[in-house]
Protein chains: 2
Amino acid sequence: MLDERKAAILRAVVECHIRTAQPVSSAYVAQLGELSVSPATVRNEMAVLEQEGYLFQPHSSAGRVPTDKGYRFFVDSLSGPTPLGPDQAELVRMFFDRTHGELERTLSETSSLLSRLTDYAAVVVAPSAPDPARVRSLQLVQLSPHLCLAVAVLANGTVERRSLESMADMTEAQVERAAAAAAAFLVGSTVDRPGRPAPTGDPYADSLAQAAVDGLRDLGDEDNQAPVFVGGAARMAAAFEAVTTIRTVLGILEQQFVLVSLLKDVLDRGLTVAIGAEHGLVQLAECSVVVAPYEVDGQRAGTVGVLGPTRMHYDQALAAVAVVSKKLGRVLSDGEPVRPGGRDDDRQRSAG
Amino acid sequence: MLDERKAAILRAVVECHIRTAQPVSSAYVAQLGELSVSPATVRNEMAVLEQEGYLFQPHSSAGRVPTDKGYRFFVDSLSGPTPLGPDQAELVRMFFDRTHGELERTLSETSSLLSRLTDYAAVVVAPSAPDPARVRSLQLVQLSPHLCLAVAVLANGTVERRSLESMADMTEAQVERAAAAAAAFLVGSTVDRPGRPAPTGDPYADSLAQAAVDGLRDLGDEDNQAPVFVGGAARMAAAFEAVTTIRTVLGILEQQFVLVSLLKDVLDRGLTVAIGAEHGLVQLAECSVVVAPYEVDGQRAGTVGVLGPTRMHYDQALAAVAVVSKKLGRVLSDGEPVRPGGRDDDRQRSAG
DNA sequence: GCTGGCACTCGGTAACCTTGAGTGCCAGAC
DNA sequence: GTCTGGCACTCAAGGTTACCGAGTGCCAGC
């Protein structure tokens, strides 16, 4: 589609613009020396590239700036994964060596890590409950005469809470009976087990037990909102000039629901990088997203991602996201906790 | 200290500058009509106020802007709590009517609410565990041969997790024995109960049980970090002009530890409002903080606060923080869950 | 097809002027 | 003594003009 020389020029323009945030001149590209041609030749090629929509000229006497299409070409032509820089690899190693358990905290700190690695905002979507989720224990805690809290510990260590309100006041004994019934029904089984707890003889206890079981059933549902952890939102303030842009982007980062669907959407379309308008969100037209799913126990569980300006360092972001998603998945996998001093290597073998 | 006329002028300047973010002229104050004097007189008074450090003149032909000291005088002279506006009161009522249980979620949404009420960033510090914390149930969940998760449900519905690593691999039976021992020791008691679980006959199980008990003991410790929920950080982007300021402030908002100590510090000094440099944080010199503790079951449990520019709407912020802290405390109190359609009134009776 | 040369464009910067909001001060009135 | 109107002064903001130079587009020649 693009001959080799045009491609090289385009790549040079993108790389330079990512670094400098300035329009790139033909003189700069020529002086690079990669292809031994004069600025005039480069100019001619650049004019063509502009006609074809890869470049854009802010005004008639300025250099060229890549369009979204230009970035897309650049990203697609990135040759294989760049390795992480040594300091960054060190950061990652240190982080995952001392991390274990405490799901929320791990996820939250992972988002900070990813943000520090890339210098953009990072997003980590919590693992959806393994499907189907096996219940390890179920408790009912009475908070007030008509308010109970159902606390379920799942096999993977996740803790789920549901508050249950009853119309009538409950006695302690009733709550205990309900808890026993609900636990007998659900513990050792999965949350979506069909049927209902065995009756206790007390209709109030029965309905409470049923409420607890019902409350947990939605865990399997698709639309059950997975929590999101955002790290380094402040770094977006440095990435943009216009205050209004900053405000918009920060606003989006606070809307967990929007974030989740954004990442999900990108992944569903089989993308790893969504540039500018490629994802649906108009408000993020000046942003790109780099995402990767992570696997827990061999299943896709959640997503990590980086949100930056369209002129982001894609290679570094891709590398960071790849490494973090892999390591995070491993840390969260049951059978494979962090092995301090273990022999895990960061490099991906083969896999072109 | 300030005669009544100077005080009136100062108040007028502060109010106007909060609204307009512009230097305030003598003509404006005179034309207000509150005190029937000419601009020239106002000018003379303003010159004195500047000498005394209440006002500041950006340049010699500009109006006056309040200094931190000026704001301090203004805040101290606010007469009693302003009531919330009707729409805002409605927001608050709706929010707390449909809120119950689910601690983290409540806190997180409360921070959003407070941010929406004030249009600044809001901070909610989670309640510190009631002191001493009573344990309702204790479970050990084995995640891998040498990694366990201790899950404790406290009497108030809080769930605490601690991951426990053992050198040697543990069998399921050992974990069960340890869980039984630890539960027998702690359930029904408080986390700081002295002594140790009864021995099980298996040294490995004993040490695991001990580890679980030890792990929870730090709950009572002072330095145990209370989680923080920040809402509406994006609104800070609108409150300031300079991008660097925005970045700094957002950076602070991401450092939970700094936030907690900031709020704690302000409260410890007996303040409700900290203006500009009054709190220790140089980076937040352009910000003010409005805080209020909330009480759960009659004890100070956590803090809510608002972070805005020094020229914030103090009256509204104070009102919002007061109402939200009171309502939040009530919702979180054991004996007193939200009573839908109940007879709770928002007005503070007497209490001058 | 590439290149050097050249005219042209146009954003950015600096110098300059003008405007007007606002002050400080003073002399006179109450 | 205190207030006030008047007046000169200051200085940021905005507009105009001129200039510079980076960068392009095009063309003629190699």
Side-chain angles (χ1 to χ4, degrees), chain A residues 2-10 12-67 70 241-243 311, chain B residues 2-10 12-67 70 241-243 311:
Chain A
L2 288 185
D3 63 54
E4 186 43 46
R5 196 168 67 183
K6 287 197 187 61
I9 292 175
L10 179 50
V13 170
V14 172
E15 270 164 20
C16 179
H17 185 257
I18 285 178
R19 274 208 324 281
T20 65
Q22 299 288 322
V24 181
S25 73
S26 59
Y28 169 83
V29 176
Q31 155 264 313
L32 263 183
E34 293 222 18
L35 17 83
S36 326
V37 288
S38 76
T41 310
V42 176
R43 267 203 296 283
N44 290 331
E45 297 285 50
M46 281 165 100
V48 178
L49 282 168
E50 180 167 14
Q51 276 175 3
E52 312 219 330
Y54 293 97
L55 294 178
F56 165 76
Q57 199 171 20
H59 59 89
S60 69
S61 77
R64 297 317 205 286
V65 160
T67 60
E241 292 299 307
V243 181
R311 43 171 286 277
Chain B
L2 289 185
D3 63 53
E4 185 43 47
R5 196 169 67 181
K6 286 197 186 61
I9 292 176
L10 179 51
V13 170
V14 172
E15 270 165 19
C16 179
H17 185 256
I18 285 177
R19 274 207 326 279
T20 65
Q22 298 289 320
V24 181
S25 72
S26 59
Y28 169 83
V29 175
Q31 153 265 312
L32 261 182
E34 294 223 16
L35 17 81
S36 325
V37 289
S38 76
T41 310
V42 176
R43 268 204 293 282
N44 290 330
E45 298 284 50
M46 280 166 97
V48 178
L49 282 169
E50 179 167 14
Q51 275 175 3
E52 312 218 331
Y54 293 98
L55 292 178
F56 165 77
Q57 199 173 23
H59 59 89
S60 69
S61 76
R64 295 322 204 285
V65 160
T67 61
E241 291 300 305
V243 180
R311 43 171 286 276

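The basis for the numbers below is simple: all heavy atoms, side chains too, and nothing from hydrogens, waters or symmetry mates. In what follows, chains are A, B, ... by sequence order, proteins preceding strands, each numbered from 1.
- The distance from the CZ atom of B:Arg64 to the SG atom of B:Cys16 is 14.0 Å, given to the nearest 0.5 Å.
- Over its full length, the helix from C:dG1-D:dC30 to C:dC30-D:dG1 turns its helical axis through 20°, comparing axes from the five pairs at each end and rounding to 10°.
- Atom CD of B:Gln22 is separated from atom C1' of C:dA21 by 12 Å (rounded to the nearest Å).
- The line from CD of B:Glu45 to CG of B:Leu2 is 9.5 Å long, rounded to the nearest 0.5 Å.
- Judged by distance alone, with hydrogens and angles left aside, the side-chain atoms of A:Thr67 form a donor-acceptor pair with the main-chain N or O of A:Gly53 at under 3.5 Å.
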remark   = Readout for nucleotides 12-29 of chain D: B = base within 4.0 Å of protein heavy atom, S = sugar-phosphate only, - = neither; 5' to 3' it is S---------BSBBB---
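- Between A:Leu55 and A:Val24 the shortest side-chain heavy-atom distance does not fall below 4.5 Å.
- Within the model, atoms CD1 of A:Ile9 and CD of A:Glu4 stand 10.5 Å from one another, a figure rounded to the nearest 0.5 Å.
- Remark: P of C:dA21 and CD of B:Gln31 are 14 Å apart, rounded to the nearest angstrom.
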Donor-acceptor list for residues 32-43 of chain B side chains, cut-off 3.5 Å, not counting sequence neighbours:
{"from": "B:Ser38", "atom 1": "OG", "to": "B:Ala40", "atom 2": "N", "distance (Å)": "3.3"}
{"from": "B:Ser38", "atom 1": "OG", "to": "B:Thr41", "atom 2": "N", "distance (Å)": "3.4"}
{"from": "B:Ser38", "atom 1": "OG", "to": "B:Thr41", "atom 2": "OG1", "distance (Å)": "3.3"}
{"from": "B:Arg43", "atom 1": "NH1", "to": "B:Ser26", "atom 2": "OG", "distance (Å)": "3.4"}

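- Of all the heavy atoms in B:Arg19 and B:Arg311, the pair that sits closest is O-NH2, 4.3 Å.
- At least one side-chain heavy atom of A:Val48 sits under 4.5 Å from a side-chain heavy atom of A:Lys6.
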